[in-house]
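Only one structure is covered here, and it is reproduced in the block below.
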Amino acid sequence: MKATTLLLFLTLAVPPSLLSLVNSQSLISSSVSSTITHIAVSANGVFVSTATQVYQFSSTLQQLGDPLGSIGGTVNGIASTSDGEWCVVCTDAGGVTCSVLNGSNLEAPANRTVDLTNSGTPTSLVVFTGGDDNSFYTGSFINSYILYHQYGFAGSTLSRATSAINQIASSGFNRVFESGFFASGYAYYVVNDPPTSGVNRRLRIIRVCNDSAAADGFNSQYELALGCDGSDSFFNPTLINVSVINEESLLIAIRAESVDDVCTYSLPEINSLMNVAYQSCVVDGNGNKNIFWQSTISCSGGSPGLDGSICSISDSRSGTPAPAVGVSNPLTSTGLVTNTTILTGLTAMVGVSIDDIDFIYFAFTINSNDYYINKYHLVNSTTLTFISQVTSTSPVTSLSWSQGSEYVYGISGSNVIALKIEDCSSATSCSECVSLGDPLCGWCMIENKCSRRPFCHDNNESRRYLTQGDSNDCFDTVSIDPSTYVIDTQQQPHQVILTFSPAPLPPMLQGEQYFCVFNGIKSPMEMSINGTIGSCSVQYIISQVTDIQLNTTLSIYSNRTGVHFFTSPDYYTFLAARCSTCIDSDVCGWCQLDFMCTESNDSCTTGDWLTVETDEDICPFLQPNPHTSDGRYTLPANIVKHLALYTINTESVPGLSYECVYGTVIRTATVNNDNTVTCNNNPVLTIEGGGGIQDVSLSIRQVYNGRKYTIETNATTNLNVILYDCPTLALGCSSCLAQRIDTGFNCSWCNAQCRDISDCNDANPVISTENCPLPIISDFNPKAGPPRGGTTIIIDGTNLGTQRSDIESVMIGTRNCIIIDEYEPGVRITCTIVPDASDETDRNETITIRVIRSNDSVNASSSTQYQFITPIIQSVSPTYGPVSGGTRIKAQGTDFDIGNKEMTRVILRESSSRKKRNTCPDVNCTIMSITNTEINCVTGSVNASDCMKNVIVSVNGASFFNTSISYHYKPDPTFDSISPMNIIPVGGIQLVFTGANLNSVQSPTITITDSRLIPSSIESCVFNTDATLVCIAPNISNVTDSSYYGTHIEYMLMLDGAESPNYMNTDLRLTLQPNPIFTGIDVNSRSISVDGSKVITITGMNIKSVRDSEIDITLGNNDNDVCNVRTSSNTEITCSPPGKPSGTTLVLRIRVGRNLVFPPNGVTGPEWTLVYTRTTSTTSTSSSTTITSSTTTITAITTTTGPTSTSTSTPGSTSIEAIVGGSIAASVIITVLIVVIPLIIVIFILKKRPKDKKDKLIVHEDNVIVPMSNNMIYLSNISQDNILLPQSNPAYIKASAIHIYDEIPAGHYEEIPAVKKKNLHNNDNDDDAIRNQEDQDNDNNEGYVDIGMVSDIAQSQEDKGSYKNISDNDDYI
């Protein structure tokens, strides 16, 4: 049998002379103290062992911690989970011991002993981990036993082993376990077996089921011989390496008779052959089992046959053979090259599958002293293409790799080595990257890097990720036009043109933008692209360039990746168009009228070429205004007034003109001989938006032959001009004159208006305050404040000085008011009354301001008076709250809104008698609103468990309180449980919380905070005590997914500032259940007899979502007509309706909690209607009465005119016929009386009654007379629930509730039970068996009747047949 997989080496070994021409990378290594014998690789690092020690290394071979040396015995196997969480080390201690080590610290939380048959050291052993990283497998050959084991890691109970009795090999058979691996859901072992004949050993692969599929311990073993020389003949192999690529290809490197081979097999084909053997041998019973290590055994399939999955049954029906089946013919690999340089010196091999690309690494030796590792790309499982080569200083004897690892690891003597699976980052350009030849590497265009595909964003989008050979799609070259950018603010458009070659930029994705970046300055405008041409705006860039920049870098930035994905290797040059910068350079000069910087005067078209050599002071400059402190210029708006600007070197040249630029507004200008330039401001300049002041940038521009140049300024900052409008700035005289102070404004008081003095037609404009009108107080606020407090008052008026120093004093009556910084010249003064703790007098006072003018001082007095008023606190509500605060309290009283309300405070302060203990510090109550009579505030938290506070209102520093009013800080609520633990979407049911301090919050509320169910209503908690809080469940309006039902939901109790209970606590969880639904009265319960049992059944769904107590059932419109609930299930509920006369028809109404009502919308029908009827009996002509010593039977005797019949009524019967006249009836009565009276006398004697009573007749509601022939026991005030419903713990009633009657009270004849004697307990005859079922305190039951033992009660005519007759029994009375 031949495998279909072919492997051809198209590229063989690379001779050492050519090493400099191949893609090469370096190894990293780390050494240990002695020769490394085993290695185990994970995605996060590597474990290695010497004979007696175990080491742990990081993925980059940094040793982690100290080696593990106390392992006991010699290491003969090591394995690791793919993530490195567990490491398994097997030694020969005690036979075979495998230690499961914690991968983070090499500690051993659990040991597993593999040798379960007998003691002994294995001649061969392999160990490897399972596919889910939850267990490890071993295979071993010990004392002629072939053993397989599987164990879970620490904390797992998984333990599976072969049955040793079936696994013993024939004499002389010696199996060598070479390797093991897990793939395709199975565990595989590669072994080297002795020959069945001759001397050549042979390779076999063995497959066993994993733990999740196997029925028991390794009872499905399948074996297949492997050939590796192009035919089915056997060979004598020495195994070099076994490797599996992507669970598809099995690679085996062997040395056979001095010839090295690399054989490849299809793992799916191996599985298929084994599955065929299973069907043929195990299921069909054809041939023998082909197990060469035991005697020949025939297959045992066929009738009755076996069927099922291959891992669910085993072939163990013939004696005690191994549960193993061999494939009849070997699988032989073909098409292998066996005589090459690499194969001759092959020392190690490993297969790798990364990013769905397959590779093979070969370690080999040339000339006995040159050691190499070559990497090949495996194409279509048939062809190898050379990728790279590295050198090693010593032979590499093992290569390993684990899925997810970034390195291939190997053993080289005492060194562990690592080779990165790719070297993409070594390429720094697109063309270099796509020429590496490694299919793992590609150029990530928009991230400017060479990487693997998974590490490149949007790698499947067009031209975002370039693979090997895509060099024509690179854009390594970008040309820029113009090559040098000369900054000129008049040049339009401000852009540069980029040309990309050989390919354009990748198309931008939705929302993506490309930007040009010069020296780290990103253009705010995105790049525009048209094919291989792109344009970048540099308008913002040039505004940041102030000199000549010769070394500017250009890069292109993507806002999608945040990466500068292209950077030009060449520098770009910006030339600043500034005269002074130009002439300061060593090589440049300034073309005077071309306004440009050039390297020679030949570039100037006209005018002089100015350099430092010609004149150091040649460039024109705009100078700061020498008449203002900050150098700014001022100009009145809305009037024609020319502005003179100070300059230097602004000479008049023929053809050269000047412009003044105010922001974006341009005005012509004239050069003067005194180095000033006059701006001609006609038309007038206006202030945007109509304000009083506008700050506008100011510059002067030279213009020649259409070219323009903005001259420089030698000010430290750009110069501005302040436009001002006097009429807008001031309305009064003194405030108008105040605009002149340190501003440069020329405002004056002109014809009762503030105007620029250049615009005033008054011959005597006012520019001094002595000529202003007298000051006036027009208003002040607040109008009142506390006598003691320091209220801040804002006083408005006119002519109140030009600056603060003009205000000599402000007085409130005799109280001084100190001016603070908020002074507005002429119109507003702000001052604070000096506090006086001794002032307790309420009164009204005049405000007086004394203003200093140019030559005197004048007073201004208020026309209304300021009030000194004392606030009064009358009440506070609530008077308590939790110590966590958050309680909204309301203080009521008078005059709360005086003073500066923003300065009003509410303070909760411990009284002076308690203050010394310092147990209850002051707490602020945050004010929410203030009116004259009310303050609302929210209490803060206090670091105390329980304390009393005075409520203090502080107004402008003066405090007021009422000694009779206090606020009590109570301990926060704590919660223990909630009942019920269910909630329904409609809400409205009661939720009862238990705990402590639950009454410390006056108005708690509850809501649902579960994100799946928001919004919900907020409901009040309607009643609370210290230990109980009763809340109404909120309504949830949006339960959109039925899967929410049965899950716990989040809720919150709003407890002021106290913490809500933890809804995740087991005793405080709420589970969402569906709303109950009622569909009406059961069809068999819609009519009830007034004489019969009054129980009706109501049908529905989800009834058990709520407690029965939440379900109120009423009849008609009278809420007092209640149908008392008796029993309930999830689909029906029963209840007892009230008694009503026959013919009554009532509508049933059901309310669940507060929010759910049935029938919905008030719609009624027959299913909601209950009809009362009467049952009529037409027979019963005679009867007999039987009285025994233990049972009393009431017999009703009636006579009718029809045919005679006999009717016996037992106690509790609900229909007793009337006795009617007739001669036959009379004779029957006389006869019965003759018989009955003597019997009664006998019973009285036997019962030893103290006295006899004459039989009496009682009148039934239907006027039926019931003769009493014996005294009856009647139980008063006991509901039928107590009698009829079974009870696990008997209920007791007092003997006083049991009465002995000579007659049955009217209306109660249905309630006569038969009671067992032994249930009448007393101290003398307690029954032990019964008393053991009662309450522990049995003495308290003296004189009680056990109602739980009451039996045999006939409830109606219909029920008679269902009850047994009360037999003659001394246990009954």
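Throughout, numbering of the chain's residues begins at 1 and tracks the sequence.
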### Query
Taking atom types as modelled, is there a side-chain donor on Asn681 or Tyr662 under 3.5 Å from an acceptor on the other?
yes

(Q) Any non-hydrogen side-chain atom of Pro786 less than 4.5 Å from a side-chain atom of Phe868? (A) no

| request: Please report the C-alpha distance between Arg1154 and Glu1019 in whole Å, then the side-chain angles of each, then the deciding distance to 0.1 Å, and finally whether the salt bridge (Lys or Arg N to Asp or Glu O under 4.0 Å) criterion is met. | output: CA-CA 12 Å; Arg1154 191 178 64 177; Glu1019 301 293 341; 2.5 Å; yes

Cation-pi, Tyr880 ring and Lys970 (6.0 angstrom, 45 degrees)
yes

Quiz item: So do Leu685 and Val665 actually touch side chain to side chain, heavy atoms under 4.5 Å?
Solution: yes

| message | Please determine whether salt bridge (Lys or Arg N to Asp or Glu O under 4.0 Å) holds for the pair Arg804 and Asp821, giving the CA-CA distance in whole Å, both sets of side-chain angles, and the decisive distance to 0.1 Å. | response | CA-CA 8 Å; Arg804 179 175 171 177; Asp821 292 336; 2.9 Å; yes

query: Just wondering, do Thr963 and Phe961 contact through their side chains at under 4.5 Å, heavy atoms?
result: yes

CD1 (Ile849) and SG (Cys831) are apart, to the nearest 0.5 Å, by 7.5 Å

Paired with Phe896, the side chain to side chain contact (heavy atoms under 4.5 Å, CB included) test is passed by just one of Thr933, Thr904, Ile930, Asn932, namely Ile930

| said: Tell me whether the rings of Tyr646 and Tyr633 are parallel (<30°), tilted (30 to 60°) or perpendicular (>60°). | reply: parallel

- Task: Would you kindly check if the NZ (Lys) or CZ (Arg) of Arg788 is within the cone defined by 45 degrees around the ring axis of Phe960 and under 6.0 Å from the six-membered ring centre?
- Result: yes

Is a donor from one side chain sitting under 3.5 angstrom from an acceptor on the other, for Ser697 and Asn720?
no

**Prompt:** Has the side chain of Gln694 got a donor or acceptor atom that lies under 3.5 Å from a matching backbone atom of Glu688?
**Reply:** yes

Quiz item: Distance only, no hydrogens: is a donor on one side chain within 3.5 Å (strictly under) of an acceptor on the other, for Asp842 and Thr870?
Solution: yes

Requested in this report: Run the numbers on Arg815 and Asp839 for salt bridge (Lys or Arg N to Asp or Glu O under 4.0 Å), then give the verdict.
Outcome: CA-CA 10 Å; Arg815 298 280 293 275; Asp839 193 342; 2.6 Å; yes

Review point. Would you say the side-chain atoms of Ser884 and Ser941 include a donor-acceptor pair closer than 3.5 Å?
Key: no

Original post:
Side chains of Asn962 and Val951: closer than 4.5 Å at any heavy-atom pair?
Top reply: no

Fill in: Close side-chain approach of Pro1034 to Ile1006, heavy-atom, < 4.5 Å
yes

One should read off an interatomic distance between Leu991 CG and Ile978 CD1, to the nearest 0.5 angstrom, of 4.5 Å

Report task. Just say parallel, tilted or perpendicular for the rings of Tyr724 and Phe745, cut-offs at 30° and 60°. Result -> parallel

